[in-house]
Undergrad: 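Dropping the structure in here first, questions after.
Just so it is clear, the model here is predicted, and its values are computed rather than measured. Order of the sequence lines sets the chain letters (A, B, ...), proteins ahead of strands, with each chain counted from 1.
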Amino acid sequence: MKEQFYPFKKIEKKWQKKWAAERLFKMDPASSQPKFYCLMMFPYPSSALHVGHGRNYIIGDVVARYKIMRRFNILAPMGWDAFGLPAENAAIKSGIHPKTSTLNNIKTMKRQLNSWGVGYDWDREIASCMPDYYKWTQWIFLELYKKGLAYKKKASVNWCPSCQTVLANEQVVDGACERCSTQVELRSLEQWFFKITDYAQKLLDDLALLEDWPERVRLMQKNWIGRSEGVEIDFKIADTDIILPCFTTRVDTIYGATYMVLAVEHPLIEDLIKGAKNEKEIKKFINEVKKESLVERVSADVEKKGIFTGRYVINPVNNKKIPLWIANYILMEYGTGAVMAVPAHDQRDFDFAKKYDLSIEVVIDDPKEQLDGKNMKEAYIEEGQMVNSGKFNGIPSLDAMEKIADYMEQEKIGRRKIHYKLRDWLISRQRYWGAPIPIVYCDACGIQPVNEKDLPVLLPEKIKFKPHGESPLKDVKDFVETKCPRCNKKARREIDTMDTFVDSSWYFLRYLSPKDDKRPFDKDIVNKWLPVDQYIGGVEHAILHLMYSRFIVKVLHDMGHVGFKEPFAKLFTQGMIVKDGAKMSKSKGNVVSPDKLIDKYGADTVRSYTLFIGPPEKDAEWNDRGVEGAWRFLNRVWRLVEQATSDPSTLLGAGKRQGAGENPSDRSLRRRTHLTIKKVTEDMEGSFHFNTALSAIMELVNEIYKVSDRRPLDLARGRQATGDKDFKEAIESVIILLAPFVPHIAEEMWERSGNKKSVFKAEWPKHDEKAIIQEKVTMVIQINGRVRSKIEISSGATEDEVKKAVLENPVVNKWTGGKTPKKFIIVKGRLVNLVI
RNA sequence: GCCGGAGUGGCGGAACUGGCUGACGCGCACGACUCAAAAUCGUGUGAGGUUACCCCUCGUGUGGGUUCGACUCCCACCUCCGGCACCA
């Protein structure tokens, strides 16, 4: 009696061992084959992986295995983004040291990765929380410091009063802490920043180099950088010599400026309102606005509020005196914190002017109707013809923008300027579980960087986790007390640690020489292997991680440490797997664990279902029933190969073997084989649409089953009856084409078919264009665009032959009634359309 | 509000460059095998009509348009998802 199902447990263990022993995924530095760096975003070691995470690694594994089969020298490393807040919070609750829990989680996740059968060059494993790694994260900090790209400044940051720590912007969801949902406060603290804004233009320009990135990711980055061109105009404050510059993208509306507004944080305010008769009232207003929570300040639908300062400014183009206001809708961080208000042509200014009864002056006319400031219902923000604008009257507003900017530069009352939304990267964290910032404070010498030879600044392990508003490192005397690197006198260490995004912004360089203790990476080796040929990860990193990594690489490039400008040549962002319409999460209780499924059906089943679920860049709904379909398919293939190799007679319809030869079904089997090869190869090289690749293989398997009752084959013994060649080719193609998707079962079937070497050493098949061509084709006959009939015709038939055949068709005759059609459209080999 | 992406059977999804809508899989129904079940194999499966089994009508979010022909291109709109959001 044969086993009813294929013995996946035995098989999977066997091959996982063999791959490890044969070092299938080991990168060979001496190889002359072309290189292929296949990288998956390294995971944060949380408790355990679910099937949604699996998708990422399975996709990467398919790519890597395919490239191995195409004889590339591949680098497929894996590591751990191991510093981070969750481990520290768990430590506060449970008392278990973050290092302990992190290393445990790594163990679990590594086991899970192996159980999926995904392969990596584990000799290159890295963990960002280990001193031999973060030493070099600190080195990168020092390099940026040297270049003036790491600096300290007072800034208002997000503070969670419950967790007693600052939060990264990305940890603030709708103004509240993502973990405890407490409203986040703004606190003014001395913080370390990386000057990513210096690279805004380069980061924007080089998006053009990233042709093989998803368009939407490039767009998101572009929007995030937020370049806008405009003019900075100098307004003089009346009765003083103070110049108040303000930025505008709509210099064409300058004659329509009827008031000016400052952000409440504007540094000049205090001086300006001194002695004003309502000084107290103004101060009260400012304090109220400042007190508003982040959510309120940031939301666009909050009512605009303001107060008059009692001061006036002079519009430099017409010397008009206009009132100076303070308002809650002006941001200090963008532009200069001062904005000229043109209510006729800006909706926000319009709303504000209506509320406080400020004048509205039209300076651009709507070509469709005469505008009048008094009767307008909303601002007119489109282009138009200049009016009430002195010597610029009568020209189109688009031209006026240039002309006015030229004029201002000539008169030195303004200058063209470019602004970005991108802000400098705040990298300080008042947390324990991160890389210490390698800085020392000396009373005599001030801020001093740690000497490179003294790296790493070790993170002390004995520590109290209880949060109290500052980094827990503050209480570790041995850590804080140190000597000044310059004067060697007593000094204090920086107690903040670095944002974990710093760790992950260079890890892809470390994989090339993970154990080098002399330098972070070897320049020659990274120059050979980078940029990464294929990067795979979730779209949630579209901006942060991907922007930071690009920035760090650009800095390293400009400093001569690396020879490439962009880290990732190709990017693939996979969609999320959801369950019951929601993202899998422990709190929702909809997590599907791979462990049980692998135990029940095996890794190959889980892999093929995960790949079959839909196009990998799109979100997909997990369906346990679907897993069974994948399971059935693999068993179907298994039985086919088993019968073909062990007992070919069972494939025969009880000895009803037909004579060998060129019967049509054989030709269609060979055709189907080559169509499948073509389709699968295209999906591998192009879109990664493994769902359609798999369905093509399923079709081929179905085809083999259809012809198998006439076609026996003994693959193992190589006994080939005439005409069995196509059959053998079909089955072998199935095994090879399946190998990247379901590697264990493919290896086993390959071996049982009499092959000594791994299927990954087999030749990837090439389709034969000739095999795909059909002698006879079915052409669709349409009448007035509707399908009415079909004809079989030789594929080489001329138009006249097709016409003749069509007109002879009885169905056509029924529709035409014997009349000659008005039009005869022939799409060769496909379709005929008659217009009657 | 702005910028993306998407809307196709009961479900997940296919469809090349404008050319047979619904491949492949799930589910369902019927049949074979079986004492029976499971497993497996086979057949069918968009809706409606007609039942002479050959056909006919409708059908890819909605409404228009271009075309011999539109899921595909153009215009307007609706819904859902994602990102950004008072950026001057």
Undergrad: In residues 690-701 of chain A, which ones come under 4.0 Å of RNA chain B, going by heavy atoms?
TA: A:N691, A:T692, A:S695, A:M698, A:E699
Undergrad: Between B:C86, B:A88, B:A15, which nucleotide gets closest to the side-chain atoms of A:T249?
TA: B:A88
Undergrad: Say you pick atom P in B:G4 and the same atom in B:C26; how far apart are they, in whole Å?
TA: 39 Å
Undergrad: State whether a side-chain donor-acceptor pair under 3.5 Å links A:Y329 with A:D349.
TA: yes
Undergrad: Please measure how far the P atom in B:G13 lies from the corresponding atom in B:U66, and state the result in whole Å.
TA: 34 Å
Undergrad: Kindly give the atom pairs (protein nitrogen or oxygen, nucleotide nitrogen or oxygen) under 3.5 Å for nucleotides 48-57 of chain B.
TA:
from, atom 1, to, atom 2, distance (Å)
B:C56, OP1, A:R788, NH1, 2.8
B:U57, OP1, A:R788, NH2, 3.4
B:U57, OP2, A:R788, NH1, 3.1

Undergrad: Regarding B:C86, can its base be found pairing with the side chain of A:K304 as donor and acceptor, where the two atoms are less than 3.5 Å apart?
TA: yes
Undergrad: Check whether any side-chain N or O of A:R250 sits under 4.0 Å from OP1 or OP2 of B:A88, and answer yes or no.
TA: no
Undergrad: For a stem of at least 3 consecutive Watson-Crick or G-U pairs with distances under 3.5 Å, i pairing with j, i+1 with j-1 and so on, which stems involve RNA chain B?
TA: B:1-7 with B:78-84, B:10-12 with B:24-26, B:27-32 with B:40-45, B:46-49 with B:55-58, B:61-65 with B:73-77
Undergrad: Measuring from A:L210:CG to A:R550:CZ, what's the distance to the nearest 0.5 Å?
TA: 5.0 Å
Undergrad: To the nearest 0.5 Å, what is the distance between CE (A:M408) and CD1 (A:I254)?
TA: 4.5 Å
Undergrad: When the C1' atoms of B:U40 and B:U17 are considered, how many whole Å apart are they?
TA: 43 Å
Undergrad: Could you tell me whether A:R607 sits above the aromatic face of A:F741, with NZ or CZ closer than 6.0 angstrom to the six-membered ring centre and within 45 degrees of the axis?
TA: no
Undergrad: Using atom P of each nucleotide, how far apart are B:U21 and B:G69 to the nearest Å?
TA: 15 Å
Undergrad: Pick the P atom in B:U8 and in B:A23, then give their distance to the nearest Å.
TA: 16 Å
Undergrad: List for me each residue that meets side chain to side chain contact (heavy atoms under 4.5 Å, CB included) alongside A:E229, sequence neighbours excluded, and say none if there are none.
TA: A:R227, A:I418
Undergrad: Atom pairs, N/O to N/O, protein against nucleotides 40-43 of chain B, distance under 3.5 Å?
TA:
from, atom 1, to, atom 2, distance (Å)
B:U40, O3', A:R639, NH2, 2.9
B:C41, OP1, A:R636, NH1, 3.1
B:C41, OP1, A:R639, NH2, 3.0

Undergrad: How many whole angstroms separate atom CG of A:N702 from atom P of B:A23?
TA: 12 Å
Undergrad: More than 12 heavy atoms of other residues, nucleotides or ligands under 6.0 Å from CD of A:E211: yes or no?
TA: no
Undergrad: What integer number of Å spans the P atoms of B:C71 and B:A38?
TA: 42 Å
Undergrad: Could you check which of B:A14, B:A88, B:C68 has an atom nearest any side-chain atom of A:N833?
TA: B:C68
Undergrad: Can you tell me how far C1' in B:G83 sits from the matching atom in B:A76, rounded to whole Å?
TA: 25 Å
Undergrad: Which residue pairs pass the salt bridge (charged side-chain N to carboxylate O under 4.0 Å, His left out) test when at least one of the two sits in residues 243-256 of chain A, sequence neighbours left out?
TA: A:R250-A:D252
